[in-house]
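Working notes, beginning with the structure itself.
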Amino acid sequence: MNNLYFQYCPKLVVFNETLDKVLLAKRKGEQDYDGTFSFIGGKIETSDGGIVGGIKREKNEEIGTKAKIQVAQMPVFNAYFEKKDGSSMILPHHICKYVGGDIKLNDEYSEYKWVNLDDLKNFSPKIDTIVPAVEWAKRFIGQLRQEDFVTI
């Protein structure tokens, strides 16, 4: 596949209210990472009306409409990934804060966990980009103002 074509696939680094845990969900039936914990998020679609619209749709699909989070649109931590099928993805990781509400996973995931940041490096199985993305997000989250976030 031509690497000039890629999917834009935002991932959400969701911290709990006290910023000492991060939300991870275990992939189920996914060709590259079945049984592995990852951030929630997914591909932007042309019908989403923009990045925030796509993030909201993915959040609603993956953890439900009752779970509320705040998303910082900027800054983002970008990662590049080539799937086993040869397709390429740009994965912008957005800093998020959990506001509240019930988390109800869809069938893409088998379970979720709030993982303590002190335990994150040894937590397994997880996608390789989780630790650097969380470390990056932790450095920036204290610099963001409330008006930098959008609640979805």
query = Can you check whether Leu19's main-chain N or O pairs, donor with acceptor, with Lys138's side chain at less than 3.5 Å?
reply = yes
query = Hey, what do you get for CZ (Phe15) to CG (Leu23), rounding to the nearest 0.5 Å?
reply = 11.0 Å
Side-chain polar contacts of residues 124-135 - donor-acceptor pairs under 3.5 angstrom, sequence neighbours left out - could you list them?
unit_1, atom_1, unit_2, atom_2, d
Lys126, NZ, Leu120, O, 3.3
Lys126, NZ, Lys121, O, 3.0
Lys126, NZ, Phe123, O, 2.8

message = With a 4.5 Å cut-off on side-chain heavy-atom distances among I, L, V, M, F, W and Y, is there a chain of contacts connecting Ile40 to Trp114?
response = yes
query = Are Ile51 and Gln73 close enough, and set up right, to give a side-chain contact (heavy atoms from CB on, under 4.5 Å), and what steps lead you there?
reply = CA-CA 9 Å; Ile51 293 171; Gln73 296 180 67; over 6 Å; no
key: Worked check of side-chain contact (heavy atoms from CB on, under 4.5 Å) between Ile141 and Val13   = CA-CA 11 Å; Ile141 198 165; Val13 183; over 6 Å; no
ask   = Does some side-chain heavy atom of Lys21 sit less than 4.5 Å from a side-chain heavy atom of Tyr98?
value = no
ask   = Cluster question for you: counting only ILVMFWY and a side-chain heavy-atom cut-off of under 4.5 Å, with indirect links fine, are Ile55 and Tyr8 together?
value = yes
task = Kindly write out the residues that satisfy side-chain hydrogen bond (donor to acceptor under 3.5 Å, both in side chains) with Glu62, not counting sequence neighbours, or none if the list is empty.
result = Tyr109
remark   = Residues passing the side-chain hydrogen bond (donor to acceptor under 3.5 Å, both in side chains) test with Asp32, sequence neighbours excluded, are none
request  = Just jot down the side-chain hydrogen bond (donor to acceptor under 3.5 Å, both in side chains) partners of Asp20, sequence neighbours excluded, or say none.
outcome  = Asn16, Thr18
key: Straight-line distance of Arg27 CZ to Ser110 OG, nearest 0.5 Å   = 10.0 Å
note = Between the CZ atom in Arg57 and the OG1 atom in Thr65, the distance rounded to the nearest 0.5 Å is 14.5 Å
Test item: Phe39 and Leu12 side chains (from C-beta on) under 4.5 Å apart, heavy atoms = no
inquiry  = Among residues at least two apart in sequence or on other chains, which ones pass side-chain hydrogen bond (donor to acceptor under 3.5 Å, both in side chains) with Glu45?
reply    = none
key: Minimum heavy-atom distance Glu111-Lys113, with the two atoms named   = OE1-CE, 3.3 Å
Closest contact, heavy atoms only, Pro10 versus His94 = CB-CD2, 3.9 Å
task = Start with the C-alpha gap between Lys11 and Phe77, add the side-chain angles, then the distance that decides, and say whether side-chain contact (heavy atoms from CB on, under 4.5 Å) holds.
result = CA-CA 9 Å; Lys11 296 296 180 180; Phe77 174 89; over 6 Å; no
ask   = Ile63 versus Leu105: any side-chain heavy-atom pair under 4.5 Å?
value = yes
query = Any side-chain heavy atom of Lys104 sitting closer than 4.5 Å to one from Asp102?
reply = no
key: Distance-minimising heavy-atom pair for Cys9 and Pro92   = O-CD, 3.5 Å
ask   = Considering residues at least two apart in sequence or located in another chain, which fulfil the side chain to side chain contact (heavy atoms under 4.5 Å, CB included) criterion with Leu144?
value = Ala72, Pro75, Ile95, Asp148, Phe149
ask   = Would you call Glu108-Lys28 a salt bridge at under 4.0 Å N-O?
value = no
ask   = Closest heavy-atom contact between Ala79 and His93?
value = CB-CE1, 4.0 Å
key: Beyond-backbone contact of Lys56 with Asp48, side-chain heavy atoms, under 4.5 angstrom   = no
request  = Kindly work out whether a path of hydrophobic side-chain contacts (I/L/V/M/F/W/Y, heavy atoms less than 4.5 Å apart) joins Tyr112 to Val99.
outcome  = no
ask   = Can you check whether Tyr80 reaches Ile90 side chain to side chain, under 4.5 Å on heavy atoms?
value = yes
Smallest separation among heavy atoms of Ile44 and Gly54, with atom names = CD1-CA, 3.6 Å
query = Can any side-chain N or O of Asn106 pair as donor or acceptor with the backbone N or O of Glu61 at less than 3.5 Å?
reply = yes
inquiry  = Return the SG to NZ distance between Cys96 and Lys59, rounded to the nearest 0.5 Å.
reply    = 10.5 Å
